[in-house]
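Scroll down for the structure; my scribbles are underneath it.
Read the numbers this way: they start at 1 and go in the same order the structure lists the ligands and their atoms.
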Amino acid sequence: MKFVSTRGESKALSFSEAVAEGLAPDGGLFVPQTMPDISRKIDSWEGLGYADLCFEFLKIFATDIPEADLRKLVDRSYRNFDDPEIAPMRRLFGDVYLLELYHGPTLAFKDFALQLLGNLYEYLLEKNGGRINVIGATSGDTGSAAISGLLGKKNVNIFILFPEGRISPLQERQMCCTGADNVFPIAVRGTFDDAQAIVKDLFGDVEFKAKWNLSAVNSINLARILAQCAYYIYASLKLPKAERAKATFIVPTGNFGNVLAGWMAHRMGMPAAGFRVATNQNDILYRLFKTGVYEVGDVKPSCAPSMDIQVASNFERFIYYLEGENSDKVRTIMSEFKKKGRWNFENFNAGGFSASKMDDAEIPAAIREVYEKSGAVIDPHTACGFKDLSGEGAKIVLSTAHPAKFPSIIGQAIGVEPVSPALEKLLDRELVKEVMDADKELVRKYVETHGI
Ligand SMILES: *Cc1c(COP(=O)(O)O)cnc(C)c1O
C-alpha cells in the first residue's frame with residue numbers, strides 16, 4: 001500500500017518511507033492512497049488478543065515490512081502494558097462503557113502510538129542505516145510518552161525541552177528518572193513557549209537540522225494514527241454483534257489524533273453510530289462541529305492540559321476526506337486558514353461527528369458523579385467525555401490518562417488521591433536533567449555535545 005499527502009504535491013510513499021518522513025514534503029499529512037475495506041475481515045478478528053488484532057490490522061498498511069518483523073515490532077510495543085488486556089473495557093452504568101487506554105508505561109493513551117513508533121524508528125534505522133536526534137518541547141505529557149517510546153533505542157538520542165519548575169513533579173520524574181543514556185531532558189528557565197521557540201529555531205536551521213538528522217515525534221505521524229485505530233476495533237468487538245453499529249465513541253480531544261483514528265477505522269468498515277469530540281474549554285473543534293466555522297481562539301489553560309490546543313494538527317486529514325479527497329481544496333483551505341485564522345465550511349457535513357464541551361468548573365463535579373455512580377476514578381481529561389452521554393446504543397468513553405497522574409484535582413473532587421505503583425517507583429530513582437537559560441545557542445551546543 002502507498003500513502004499520499006493531503007496536499008497532493010508529494011510523491012506516493014511506502015509505509016516505512018511515510019513513517020520516516022513524518023510530515024509530507026509539501027507540508028501535508030500522509031493518508032492511505034485508497035482506504036482499505038476491512039468490513040469482512042473484522043468479524044474474523046473477534047476473540048483475538050490485543051497485539052494479535054493490532055498486527056492483523058497493521059499488516060494491511062505496512063506491506064513493505066516483512067510480516068515476521070512486523071509481528072515482533074507489535075509484540076514488543078505492547079509488552080510493557082500493565083494490564084493483560086492492554087486496552088480493557090468495562091461497563092460503568094447503563095449502556096456507558098469506559099475504554100481504559102492508560103495501562104502503558106507513561107499511563108496515557110499516547111503510549112499506544114509512541115511505543116510502536118519508537119520500535120519502528122529503531123527498526124528502520126537498523127535496516128537502512130543512519131541515526132537520528134529527536135528534539136521536542138513539551139508542557140508535560142507528550143514528552144514523557146515520546147521519551148518512553150525511544151528509551152534505550154539504538155541509533156536514536158532524544159532531547160526534550162520543558163519549562164523548569166512549570167510541569168508537575170510527577171511529569172518531571174517521568175522524563176528525568178529513566179536511567180537511559182540516550183535520553184536528555186533539558187529544563188529551560190522560561191515558559192513552554194520559550195522552549196517551543198528554541199526547538200522551532202533549531203529545526204529552521206537547515207544546515208544544523210541536516211548535520212544532526214533532527215527529527216520530531218509529532219502527533220501527525222501516520223503510524224500514530226494507524227496504531228490508534230486498533231483499540232477502536234478491539235473495543236467494538238467486545239460488544240455483542242448486534243450492538244456494534246449502534247455504538248457511539250466519546251473521545252476527549254485536543255489535536256484530533258485520537259478521535260480521527262476511530263473515524264478512519266469506521267470509514268474502513270468498522271461499525272459505529274458516531275464519534276463525539278469531547279473538548280475542554282478550548283473549544284475550537286466544538287465550535288466547528290456546531291457551526292461549520294473553524295476559527296482559532298486563545299488557549300485558556302485548563303485542568304485537562306493535554307487538550308489545551310489552539311489548532312488541531314491532525315484536522316487536515318479530516319478536511320481531506322470532507323472535501324472528497326480533493327487536495328487542491330485542502331491547499332486552499334489550509335493557506336486561507338493560515339492567513340486569516342478562520343475558515344467557513346459551506347454546507348458543512350459533520351460526517352458522523354458530534355461534539356461536546358466541558359468548562360473547567362464542571363470537571364470536578366463530573367469526576368465526582370462518575371465515582372458515585374460507578375466507583376470508577378477518572379482523570380480530568382476523561383471527565384470531559386461525560387458531558388454528553390446522549391445517543392441510543394452503547395456509549396464508549398475513551399479514558400486517555402490514568403487518574404494517578406492528576407492526584408490533586410481528583411482529591412478535591414472525591415476526597416481520595418489515586419496512586420499508581422509505577423509512579424511510586426519513580427520516587428526512588430535518581431533525577432537527571434540539564435538546567436539552562438532559554439537560549440538557543442546553549443541548547444545547540446548541548447545537542448552538538450550529546451547528539452549522535
Ligand atoms: C494527548 C492527550 C489528549 C488529546 O488527544 P488528541 O489525539 O490530541 O486529540 C487527551 N487526553 C490526554 C490525557 C492526552 O495526553
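Interface atoms of ligand 1 facing A401, defined by a heavy-atom separation under 4.0 Å, are 13 (C). Every atom of ligand 1 is numbered from 1 in the order shown, and the set under 4.0 Å from a heavy atom of G257 is 6 (P), 7 (O), 9 (O). Under a 4.0 Å criterion applied to the non-hydrogen atoms of N258, ligand 1 contributes the atoms 7 (O). Under a 4.0 Å criterion applied to the non-hydrogen atoms of T253, ligand 1 contributes the atoms 9 (O). For ligand 1, the atoms lying closer than 4.0 Å to a non-hydrogen atom of F109 are 1 (C), 2 (C), 3 (C), 5 (O), 7 (O), 14 (C).
Ion pairing between K395 and D95 holds under the 4.0 Å rule for side-chain N and carboxylate O. One finds a salt bridge joining K373 and E369 here, because a Lys/Arg side-chain nitrogen approaches an Asp/Glu carboxylate oxygen to under 4.0 Å. At a threshold of 4.0 Å, the pair K357-D283 counts as salt-bridged, since one of the basic side-chain nitrogens sits closer than that to a carboxylate oxygen.
Using modelled atom types, one finds a donor on one side chain and an acceptor on the other under 3.5 Å when comparing T6 with E316. Between the side chains of D360 and N280, not a single donor N or O lies within less than 3.5 Å of an accepting N or O.
For atom 6 (P) of ligand 1, the closest non-hydrogen atom of the protein is N255 N, 3.5 Å. Of the protein's non-hydrogen atoms, K110 NZ, 2.5 Å is the one closest to atom 2 (C) of ligand 1. Scanning all protein heavy atoms for the shortest distance to atom 11 (N) of ligand 1 gives T400 OG1, 2.8 Å.
Using a non-hydrogen distance threshold of 4.0 Å, Y102 does not register as a contact of ligand 1.
Using a 4.0 Å cut-off between heavy atoms, F256 contacts ligand 1 through its backbone alone, with no side-chain atom that close.
Aromatic ring pairs are classed by plane angle as parallel below 30°, tilted from 30° to 60° and perpendicular above 60°; the pair W343 and F345 is perpendicular. Ring geometry for F289 against F353 counts as tilted: the plane angle lies between 30° and 60°, on a 0 to 90° scale.
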Walk me through whether N133 and F159 qualify under side-chain contact (heavy atoms from CB on, under 4.5 Å). CA-CA 7 Å; N133 290 290; F159 300 83; 3.6 Å; yes

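In this structure, of A304, A278, G254, P380, the residue bringing a heavy atom nearest to atom 4 (C) of ligand 1 is G254.
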